[in-house]
Protein chains: 2
Amino acid sequence: MARRGRVELRRIEDRTSRQVRFSKRRSGLFKKAFELAVLCDAEVALLVFSPAGRLYEYASSRCA
Amino acid sequence: MARRGRVELRRIEDRTSRQVRFSKRRSGLFKKAFELAVLCDAEVALLVFSPAGRLYEYASSRCA
DNA sequence: ACCTCTATATATAAACA
DNA sequence: TTGTTTATATATAGAGG
């Protein structure tokens, strides 16, 4: 089977694979953003638009 | 020695450790943001303020 | 502040349920 | 599509330079 875990750094051509990758990596990215804010007392804002145009966002809030 | 690689999800009390952690995790986060944009054809904006108030930013740009 | 090392933890690609 | 599995890749904590 194909080697797992590794990826070339370029646009994923297959639409379905790209959508699946997007969902998984988006989750990971938001988690990392949250951890950076909490662990390091930083303020973080993250905006992501999917290729389909859907918006996902996160903002740490010290003042809320 | 203490166990490596693991971390509790709360503010790091030691100032120096927190700054070191911040630098490392900030690098990782920006890399992940870039990869998401490239691999998945997404638009990503990321803003981070360090505890010292310094700004770090990234924005993918499909239209630039 | 910034590097290297490396053990360990975490993320994740592909397959499949 | 949404989740699980599992092999592999990547991130990173802590120590040291």
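Quick note on labels: first sequence line is chain A, next is B, and so on, each numbered from 1.
The CG atom of B/Leu29 sits 12 Å away from the P atom of C/dA11 (whole-angstrom rounding). Counting to the nearest Å, the P atom of C/dA11 and the CZ atom of A/Phe22 are 17 Å from each other. The nearest whole Å value for the distance from the CG atom in B/Leu39 to the P atom in C/dA11 is 17 Å. In this structure, A/Leu9 places its CG atom 11 Å from P of D/dT10, rounding to the nearest Å. Protein atom CG of A/Leu36 is 16 Å distant from nucleotide atom P of C/dT10, rounded to whole Å. Going from atom CZ of B/Phe34 over to atom C1' of D/dT10 covers 16 Å, rounded to whole Å. Across the protein-nucleic acid pair, A/Asp14 atom CG and C/dA15 atom P stand 11 Å apart, rounded to whole Å. Atom C1' of nucleotide C/dT10 and atom CD of B/Glu8 are separated by 17 Å, given to the nearest angstrom.
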For nucleotides 1-7 of chain C, list the nitrogen or oxygen atoms of the protein found under 3.5 Å from its nitrogen or oxygen atoms, one pair per line.
from: C/dT6; atom 1: O2; to: B/Arg4; atom 2: NH1; distance (Å): 2.8

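Chaining together hydrophobic side chains whose heavy atoms lie under 4.5 Å apart leaves A/Val20 on its own.
With sequence neighbours left out, A/Arg25 forms a salt bridge (charged side-chain N to carboxylate O under 4.0 Å, His left out) with B/Glu35. In terms of the salt bridge (charged side-chain N to carboxylate O under 4.0 Å, His left out) criterion, B/Arg15 has no residue partners (sequence neighbours excluded). Taking the side-chain contact (heavy atoms from CB on, under 4.5 Å) definition, one finds that B/Ala37 meets it with B/Val44, B/Tyr58, B/Ser60, sequence neighbours left out. In this view, A/Arg54 satisfies the salt bridge (charged side-chain N to carboxylate O under 4.0 Å, His left out) rule with no residue, not counting sequence neighbours.
In terms of position on DNA chain C, the residue among A/Val7 and B/Val7 whose nearest nucleotide sits closer to the 5' end is B/Val7. Where A/Glu35 and A/Ser17 meet DNA chain C, the nucleotide closest to each residue was compared, and A/Glu35 sits on the side nearer the 5' end.
The two atoms that bring B/Ser50 and B/Tyr56 nearest to each other are CB-CE1, 4.2 Å, heavy atoms only. Between A/Ala42 and B/Phe22, the shortest heavy-atom contact is CB-CE1, 3.6 Å.
Of the side-chain N and O atoms in B/Lys32, none sit less than 4.0 angstrom from OP1 or OP2 of C/dA11.
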